[in-house]
Amino acid sequence: MLTQSNMVAKAWQALEDSLVYYEGRPVGTVAARDPDVEALNYNHCFVRDFVSSALIYLMKGKPEIVRNFLIETLALQSEIKQMDCFNAGQGLMPASFKVVSSYGKQYLTADFGEHAIARVTPVDSSLWWIILLRAYVKATGDFDLAHRADFQRGIIEILKLCLADRFDMFPTMLVPDGSFMIDRRMGVYEHPLEIQALFYATLRGARELLAADRQGDIYRQFISQRLNTLNFHIREYYWLDLKRLNDIYRYRGEEFGETAVNKFNIYPDSIPYWLTEWMPDTGGYLAGNLGPARMDFRFFAQGNLLSIICSLSSTKESQWIMDLIEQRWDALVGCMPMKVCFPAVEGLEWKILTGCDPKNVPWSYHNGGSWPVLLWPLVAAALKTGRTDLAQRAIKIAEQRIAEDQWPEYYDGKNGRLIGKEARKYQTWTIAGYLVAKELIDNPKNLELFSFDEDIESLAWSCPTSF
Ligand code: GLC
């Protein structure tokens with residue numbers, strides 16, 4: 001096995017090799033550089049993937065690339081995005097972009113989902129963009145960039161998209177399937193947790209970034225209201241622990257009106273059997289999704305970790321999520337931190353939910369595969385909740401294989417022991433994620449770049465909270 005410092009040096013080399021240059025300036029990193037597999041769109045710079053690279057550059061005092069990225073992607077936001085009648089909403093940020101050259105001139109071409117496999121909408125890109133802008137401003141103090149007219153316009157375009165009235169009564173954001181890291185059909189449509197956590201962090205970030213003018217003040221008010229209701233809704237209705245499971249188990253159905261206890265008409269029979277054994281006595285987590293007669297009981301790692309990081313979960317809930325991860329370590333972390341979701345869907349459920357997707361067979365890829373990029377949110381959540389031991393343990397596990405396996409995109413199997421069947425090697429967010437995790441352990445103060453404390457402003461509102 002390589003020594004730790006060798007591993008870090010190798011990771012830096014691989015990260016620098018992944019840089020994308022535009023007119024001589026670094027503007028991003030490609031998704032992967034696997035020499036043995038056809039690139040497809042892995043030679044694009046993905047917004048969500050770049051966040052891991054951006055964070056390590058910010059932590060290391062090299063903000064230039066992040067600044068360039070923010071400027072170039074902002075310019076893409078206002079592009080006319082139409083192909084074959086697929087039309088991206090105004091304000092949407094691209095899933096990815098690429099530099100192309102023609103007649104000696106360079107251009108950026110973006111994909112807003114109109115080229116992506118299955119034409120999925122990258123809802124998370126716009127959210128990550130604001131979270132990243134805030135991290136950049138925190139690292140550099142460069143409020144001038146965020147206050148530039150084009151940046152204020154960009155932020156407001158995103159807020160308009162997020163806060164628009166729709167055919168939905170919930171404070172959570174309604175999205176189509178595959179609109180975030182899990183960008184394939186996996187039954188993650190409607191109100192998936194990961195999007196809600198990103199939405200929450202985005203609103204909190206935007207509130208800090210909006211200029212102190214009339215328009216900024218108006219949006220700040222909308223934001224505070226929404227933060228309050230979103231926070232209440234998630235803490236109250238998404239939370240699952242043994243007590244809540246007992247409540248749901250004894251729910252009555254078909255309740256009408258204001259006094260309904262079972263507000264979403266969740267039928268007890270929909271509680272999966274595995275959960276009644278798996279839920280520890282102490283510990284809990286936020287459900288994957290909630291809608292009419294639908295609670296997705298699967299554990300989604302990124303949504304839970306981000307909820308801790310941005311204080312969408314309460315202090316006690318955050319501790320309990322980490323307790324659950326500790327007690328179910330073998331299932332959730334196993335041989336590579338960590339599973340994107342647990343458990344995998346199998347059999348008929350797999351057929352119906354994924355549309356028979358051969359890439360998402362049980363315990364592979366998005367369907368229970370292990371993603372090393374999740375190491376940094378795991379370490380961040382562990383540090384935020386004072387569980388340094390868990391952070392160190394996770395890094396140690398990753399270090400046993402990650403570099404020697406050449407930085408795979410994901411691992412397969414119930415315990416994450418196999419390199420993913422179709423995983424790319426030299427996957428940039430695996431590389432950058434490892435560096436971010438190491439840097440966070442060495443300098444936990446870096447957590448402040450992307451984390452949020454409990455939101456006092458929104459707690460001042462009148463909605464009750466669960467814990
Ligand atoms: C896959 C992942 C997605 C990632 C992309 C590029 O499509 O599902 O989350 O952004 O690869 O790495």
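All heavy atoms count here, side chains included; hydrogens, waters and symmetry mates do not. First listed ligand is number 1; within each ligand, the first listed atom is number 1.
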Next item on the list: Take atom NZ of Lys359 as the centre, draw a 6.0 Å sphere, and report whether it contains more than 12 heavy atoms from other residues, nucleotides or ligands.
Entry: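 More than 12 heavy atoms, drawn from other residues, nucleotides or ligands, come within 6.0 Å of this atom.
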
Next item on the list: Count the heavy atoms of every other residue, nucleotide or ligand shown that sit under 6.0 Å from CZ of Arg148, and state whether that count exceeds 12.
Entry: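 Count over threshold, so yes.
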
Next item on the list: Using distance alone, decide if ligand 1 has a nitrogen or oxygen within less than 3.5 Å of any nitrogen or oxygen in Asp49.
Entry: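 There is such a contact, yes.
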
Next item on the list: Return a yes/no value for Phe46: is any of its N or O atoms, backbone included, closer than 3.5 angstrom to an N or O of ligand 1?
Entry: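 No; the residue has no nitrogen or oxygen that sits under 3.5 Å from a nitrogen or oxygen of the ligand.
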
So, does [X] sit close enough to ligand 1 that a heavy atom of it is under 4.0 Å from the ligand?
X      : value
Tyr42  : yes
His366 : yes
Arg424 : no
His44  : no

Checklist line | Option set Tyr365, Trp371, Phe50, Trp429, criterion heavy-atom distance to atom 1 (C) of ligand 1, minimum | finding: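 The option holding the nearest heavy atom is Tyr365.
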
Item checked: Shortest heavy-atom approach to atom 2 (C) of ligand 1 - which of Asp183, Ile117, Thr430 ->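 Result: the heavy atom closest to atom 2 (C) of ligand 1 is in Asp183.
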
Next item on the list: Quick one: pull up CE in Met93 and CG in Leu127 and give me the separation to the nearest 0.5 Å.
Entry: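 That separation rounds to 10.5 Å.
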
Note to self: Rounded to the nearest 0.5 Å, what separates atom OG in Ser126 from atom CG in Leu92?
What the structure shows: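 Nearest 0.5 Å value for the OG-CG distance: 4.5 Å.
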
Check: Are any of the side-chain heavy atoms of Leu312 and Tyr238 separated by less than 4.5 Å?
Finding: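 Result no, sub-4.5 Å side-chain heavy-atom pair not found.
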
Note to self: Closer than 4.0 angstrom, basic N to acidic O: yes or no for Glu208 and Lys138?
What the structure shows: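 No salt bridge links Glu208 with Lys138.
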
Margin query: Could you check whether Lys414 pairs with Asp330 (Lys NZ or Arg NE/NH1/NH2 to Asp/Glu carboxylate O, under 4.0 Å)?
Written below: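 A salt bridge is absent here (no side-chain N lies under 4.0 Å from a carboxylate O).
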
Note to self: Below 4.0 Å, non-hydrogen atoms only: which portion of Tyr410 touches ligand 1? Side chain, backbone, both or neither.
What the structure shows: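 Within the 4.0 Å criterion, Tyr410 makes no contact with ligand 1.
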
Next item on the list: Mind checking whether Arg184 contacts ligand 1 via backbone (N, CA, C, O), side chain (CB onward), both or neither, at a 4.0 Å heavy-atom cut-off?
Entry: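 The answer is neither; Arg184 stays 4.0 Å or more away.
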
Atoms of ligand 1, numbered as shown, that sit under 4.0 Å from any heavy atom of [X]:
X      : result
Met181 : 2 (C), 3 (C), 8 (O), 9 (O)
Ala31  : 6 (C), 12 (O)
Gln427 : 12 (O)

Margin query: Is the positively charged end of Arg134 above the ring of Phe452, judged by distance under 6.0 angstrom from the centroid and angle within 45° of the axis?
Written below: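 Because its charged atom sits under 6.0 Å from the ring centre and within 45° of the axis, Arg134 does stack over Phe452.
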
Checklist line | Lys/Arg cation over aromatic Tyr189: Arg294, 6.0 Å, 45° cone | finding: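 Geometry flag: set, cation within 6.0 Å and 45°.
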
